[in-house]
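Before any comments, here is the structure.
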2 protein chains.
Amino acid sequence: MVKQHVFASTREAIVGRKLPPGTKLTEDVIAAAFNCGRGPVRWALARLQDEGLVTLVPNRGAFVAEPAPDEAKHLFGARRILEGGVVRHLCRRLPDEAWDCLVECIEAEDHAHQNGNEAAALRLSGDFHLLMARLTSNPVVEAMLRELVSRTILAIAVHQRAGTSGCRTHEHRRLLALMRAGDADEAVREMDNHLGALEAGLDLSTKRKAAPDLRAVLQAAAATTRSGPAGG
Amino acid sequence: MVKQHVFASTREAIVGRKLPPGTKLTEDVIAAAFNCGRGPVRWALARLQDEGLVTLVPNRGAFVAEPAPDEAKHLFGARRILEGGVVRHLCRRLPDEAWDCLVECIEAEDHAHQNGNEAAALRLSGDFHLLMARLTSNPVVEAMLRELVSRTILAIAVHQRAGTSGCRTHEHRRLLALMRAGDADEAVREMDNHLGALEAGLDLSTKRKAAPDLRAVLQAAAATTRSGPAGG
DNA sequence: CGGCTGAAGATTGTGCACAAAAAAGCGCCG
DNA sequence: CGGCGCTTTTTTGTGCACAATCTTCAGCCG
């Protein structure tokens, strides 16, 4: 199946930071890159849009999504709600193999940090959160969090301050210990703080991006009224 | 835009019970119904698939999703986690207008129940849950729950027992009172019980659907090995 | 010299045609 | 009469062409 190949590869390129936010995704270019027509590309782009990874402007084209500051805040807010529930769900009991999996994931992240590979560390950090969702044995929850983590990576790529790393592994370790101990309330609070620290590492000033927002607003206004200066 | 029209109308037809689960969604038929080519139809189907409302089998076509018993359980589990977080988030404080909105929604649901319009009541019940998500002022949370509610409606349509109605409004009222009182733990518990009652109203026996599952399993096995009797 | 109008270029939206794969129906052989 | 293989038919997967729209830019007028 060509469609899924285009979708998976493009998604991997976006999440793996190969395609920075704001990159124009011209259909012909992608079609040429995969040696296929525009049909599969359009299918993949539609899926990517649903995941919030690309923005599809009518008659303008597709772009790698640039989460606005407000959207980034909403993303973190949603993760607080969802992952709080996940943590509370996991606190009850879990087989030892599950805990080992989480420990292994943290160690891999530590290893990436030591090698100075920040991109891999950020990716592993996301994998840790995703692994927790997987441990709920609920594919629906897992899918929701996967989408949230992907978009969070995008938001971090856009608004990341210089010198700030992703998830600190010691926070992950503490969270793990709290969950293993069964202290639900404290574990949820730790997750809240953890996500708060992640959000605090970003620069979410809403005024700095006034110029591009202005253009978007004008476009939206013109599209709404349909009676502006665009007509001949 | 034709695409969005096809998408919105088809979605409305599925959620509104006009298209029962399992219905074959032939592209040509939909294209003819909307007087357009198959392009917009494919786009709409891709979006619908991402929302979990249709199942898209390769080289077979699109069908209105029939959530399996396991998937239905996962749906309710995800809603427990997500809506539990929503309730906890809303417990803090909310303007009076918000509470009025919720009361109004409950009364509309009551009205539908009195008129014997069960389909509308189920729809209003979903709107109540959706309204709570909207009151978080978080579009991401709202979108996630909208998808979950839609799929839940589908699951109910498939597995509903005879004589069981949807959300009881008095449970909604009690939940509302608890949230307004600020009793987070008790409100979350009420939400849990409420969703549990909804799930209990379904017949989620996994063995009864052995026959159709068998065919799906055989198809999957054939697709995996690629060396079955299908080849010529 | 600035702003506006017009055309040209580029890109997406849509429809149509062909190919491939699966399903169904049918004939044939045991 | 039942099971198997082939053929036909239906439907999706893909590519290509045309039209609509937006952007850009050159030329013109005030």
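The structure presented is a predicted model; accordingly, all values stated were derived computationally and were not measured. Below, all heavy atoms of this structure are taken into account, side chains as well, without hydrogens, waters or symmetry copies.
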Extract all donor-acceptor atom pairs below 3.5 Å that involve side chains of residues 140-150 of chain A and protein atoms in other chains or at least two apart in sequence.
unit_1, atom_1, unit_2, atom_2, d
E142(A), OE2, R134(A), NE, 2.9
E142(A), OE2, R134(A), NH2, 3.3
S150(A), OG, R11(A), NH2, 2.8
S150(A), OG, R146(A), O, 2.9

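- Remark: side-chain polar atoms of R123(B) are not paired, donor with acceptor, to backbone N or O of V15(B) under 3.5 angstrom.
- Interface residues of residues 37-44 of chain B facing DNA chain D, ordered by number: R38(B), R42(B); criterion, heavy-atom separation under 4.0 Å.
- Applying the ring pair (Phe, Tyr, Trp, His ring centres under 6.0 Å) definition to pairs two or more places apart or across chains, those involving residues 27-50 of chain B are H5(B)-F34(B).
- One atom, CZ of F7(A), and another, P of dG13(D), lie 16 Å apart when rounded to the nearest Å.
- Sorted by first and then second residue, the ring pair (Phe, Tyr, Trp, His ring centres under 6.0 Å) pairs involving residues 59-87 of chain A (not counting sequence neighbours) form an empty list.
- In this structure, M1(A) places its CE atom 10 Å from P of dA21(C), rounding to the nearest Å.
- One atom, NZ of K24(B), and another, C1' of dA22(C), lie 10 Å apart when rounded to the nearest Å.
- Considering only side-chain atoms of E27(A), the nucleotide from dG13(C), dG15(D), dG13(D) that sits closest is dG13(C).
- A straight line from CG of D28(B) to P of dT9(D) spans 17 Å, rounded to a whole angstrom.
- Distance CG (N59(A)) to C1' (dT12(C)): 6 Å, rounded to an integer number of Å.
- Here the side chain of T26(A) is nearest to one of dT11(D), dT14(C), dT12(C), namely dT12(C).
- Going from atom CZ of F34(B) over to atom C1' of dT14(C) covers 16 Å, rounded to whole Å.
- Nucleotide dT12(D) holds its P atom 11 Å from the NZ atom of K3(A), rounded to whole Å.
- In this structure, the side chain to side chain contact (heavy atoms under 4.5 Å, CB included) partners of N117(B), at least two apart in sequence or on a different chain, are A119(B), A120(B).
- Not counting sequence neighbours, the partners of A121(B) by the side chain to side chain contact (heavy atoms under 4.5 Å, CB included) test are A112(B), H113(B).
- Look at CD1 on I30(A): it is 12 Å from P on dT11(C), rounded to the nearest Å.
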